[in-house]
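First up is the structure itself, then whatever we jot down about it.
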Amino acid sequence: MLYAFHEFQRAMMSPAVFLADALRQSVSSPLNPFRAFPVSRTIAANSELFSRLMQRYHKPDWDIKEVEIDGESVEILQEVSLEKPFCRLVHFQKERELSQPKLLIVAPLSGHFATLLRDTVRTALVDHDVWVTDWVDAKMVPVADGDFDLENYVEYVQEFIRHLSPDLHVMSVCQPTVPVLAAISLMASRGEESFPRSMIMMGGPIDARRSPTAVNKFADEHSHTWFANQMIMRVPQNYPGHTRRVYPGFMQHASFLAMNPDRHLNAHWEFYNYLMQGDGDSAEAHRQFYDEYNAVLDMAANYYLDTVRVVFQQFLLPKGKWVINGEKVDPSAIRDTALFTIEGELDDISGNGQTEAAHSLCEGIAKKNKKHLLAKSVGHYGIFSGRKFREIIYPQITRFISRHN
């Protein structure tokens, strides 16, 4: 009922959002001779703030048309390399063939769309041939297409690795570090020849017992039954996935905001002041960030509940007790894949040491093929986007891949 009420509320607010946006456009129009007057600027600022707080945000575009390589602009074309019910493997193909290492970026499936990694992808395209897991909003997947759980996630990753091998490198950001490590562990245990040359794991909960954050504590303080009863809902009838059980995106978005309410409140107040002062560049930076941040997707219920149980409550991977389809997940079986773990000193989602834990689990990897980086003064999102990522973290990733290519 809560999901249906949420949709009803959105529908009821849509006329007001439309009118507020129309009012903003009219008073801000270059054709309006009074647009520079304080009263016009106040009306425009209030209207835009209202519409942005109340509007529905859809999946953003990747908006990666070209990259500059060796001083030349190279056109980028998006191509769906493989398509599964819950994920599309997208290839960012360059207009001309270059001899570059293949890189699979496994995006998180934790509320936001894969486009959250736009900066990661754009940066990596300069030196790599890039594929990305573009996860599908579960409410858009018909029930007839089957269910999706954490084991299915592991199987998807394995299929993508086999499809892109040999000479592949895998980068996982946040949540997927766990299923990616499981996928490669199982492939190594079976003696498969399709294994990545290296795996780069960034800010993920390999062992969520270390330096627990608010996210970890919340999972620890509530039973698995509580999550199943309070967080899982049915998709309303106005979507292709009608009746599918999901963890709704709007619930996840509310939890994102609740983690740092003061930060978001201050950001919107600053945005209002930017509009009043006519600071267009700062206002646009705010729009771009929140257009992405406010766009959320639904996750399949079984996947979400599996993740809570396996990763945050029972810690099956670091305890060596995770079994998938009768096979034990044993990271010590990995020998021919180099490991690079990256953490942010100020990460408030995956605490320090949680990703580094992969090193003790992957004891079969030679020490010379392991590397760990604790990025100073970097928070969770700064691990994979922003200036410090581009200037400090990414160059080390590039050198690590080159060394093991």
Side-chain angles (χ1 to χ4, degrees), residues 106-112 116 149-151 153-154 157 171-186 199-228 230-232 247 251-252 255-256 258-260 299-324 328-332 334 339-363 370 372-375 378-384:
V106 183
L109 178 54
S110 53
H112 286 113
L116 189 69
D149 57 23
L150 188 56
E151 292 186 2
Y153 193 126
V154 173
V157 172
M171 176 192 294
S172 52
V173 181
C174 190
Q175 166 272 323
T177 55
V178 174
V180 166
L181 183 55
I184 297 173
S185 298
L186 291 171
M199 49 185 178
I200 298 96
M201 300 191 163
M202 311 173 69
I206 298 295
D207 188 346
R209 296 172 298 180
R210 299 189 180 188
S211 305
T213 64
V215 174
N216 309 134
K217 293 174 182 176
F218 185 80
D220 186 56
E221 293 168 356
H222 297 79
S223 69
H224 194 259
T225 302
W226 183 90
F227 280 98
Q230 300 297 322
M231 299 298 189
I232 303 305
Y247 175 40
M251 294 281 288
Q252 180 74 331
S255 70
F256 290 150
M259 286 181 62
N260 296 289
M299 290 178 274
N302 286 344
Y303 160 75
Y304 171 72
L305 294 174
D306 281 353
T307 300
V308 171
R309 175 181 60 86
V310 171
V311 180
F312 295 107
Q313 291 184 332
Q314 297 181 2
F315 316 106
L316 297 186
L317 178 60
K319 287 182 177 180
K321 296 181 179 180
W322 195 6
V323 177
I324 297 179
K328 181 181 177 181
V329 177
D330 181 14
S332 67
I334 303 174
L339 172 64
F340 185 11
T341 56
I342 302 169
E343 297 178 341
E345 182 186 29
L346 306 180
D347 194 335
D348 58 356
I349 294 179
S350 293
N352 292 173
Q354 292 189 10
T355 314
E356 186 182 16
H359 288 271
S360 59
L361 297 176
C362 298
E363 57 186 27
K370 291 181 178 180
H372 177 69
L373 170 64
L374 178 64
V378 170
H380 187 73
Y381 293 100
I383 297 172
F384 57 85

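Computed from a prediction, not measured in an experiment: that's the story for all the values here. Just so you know, these numbers use all the heavy atoms, side chains as well, and skip hydrogens, waters and symmetry mates.
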Given the options N216, D207, D347, T341, Q354 meets side chain to side chain donor-acceptor pair (under 3.5 Å) only with N216
Report the relative orientation of the aromatic rings in F384 and Y381; use parallel for angles under 30°, tilted for 30 to 60°, perpendicular for over 60°.
perpendicular
Any [X] side-chain heavy atom under 4.5 Å of [Y] side chain:
{"X": "S332", "Y": "L361", "answer": "no"}
{"X": "D306", "Y": "Y153", "answer": "no"}
{"X": "D220", "Y": "Q313", "answer": "no"}
{"X": "L150", "Y": "W322", "answer": "yes"}
{"X": "E356", "Y": "I206", "answer": "no"}
{"X": "F218", "Y": "F227", "answer": "yes"}
{"X": "V154", "Y": "I324", "answer": "yes"}

Measure across [X] and [Y] and return the closest heavy-atom pair with its distance rounded to 0.1 Å.
{"X": "D348", "Y": "T213", "result": "O-CB, 3.4 Å"}
{"X": "K328", "Y": "L186", "result": "O-CD2, 3.6 Å"}
{"X": "L109", "Y": "Q175", "result": "N-OE1, 2.7 Å"}
{"X": "V329", "Y": "L317", "result": "CG1-CD1, 3.8 Å"}
{"X": "A183", "Y": "V157", "result": "CB-CG1, 3.8 Å"}
{"X": "S350", "Y": "C174", "result": "OG-SG, 4.4 Å"}

Before you tell me yes or no, could you show the steps for M199 and C362 under side chain to side chain contact (heavy atoms under 4.5 Å, CB included), namely the whole-Å CA-CA distance, both residues' side-chain angles and the distance that decides it to 0.1 Å?
CA-CA 11 Å; M199 49 185 178; C362 298; 4.0 Å; yes
Nearest-0.5 Å distance that lies between atom [atom1] in [X] and atom [atom2] in [Y]:
{"X": "T307", "Y": "N302", "atom1": "OG1", "atom2": "CG", "answer": "10.5 Å"}
{"X": "Q230", "Y": "M251", "atom1": "CD", "atom2": "CE", "answer": "8.0 Å"}
{"X": "L373", "Y": "E345", "atom1": "CG", "atom2": "CD", "answer": "11.0 Å"}

Take S185 and I334 through the side chain to side chain contact (heavy atoms under 4.5 Å, CB included) test and state the conclusion after the steps.
CA-CA 6 Å; S185 298; I334 303 174; 3.6 Å; yes
Stepwise, does the side chain to side chain contact (heavy atoms under 4.5 Å, CB included) test hold for H372 with M201?
CA-CA 10 Å; H372 177 69; M201 300 191 163; over 6 Å; no
Main chain of N352, side chain of E343: is a donor-acceptor contact present, judged purely on distance under 3.5 Å?
no
H224 side chain to L305 main-chain N or O, any donor-acceptor pair under 3.5 Å?
yes
Can M202 and V173 be said to form a side chain to side chain contact (heavy atoms under 4.5 Å, CB included), step by step?
CA-CA 5 Å; M202 311 173 69; V173 181; 4.1 Å; yes
K370 NZ: over 12 foreign heavy atoms closer than 6.0 Å:
yes
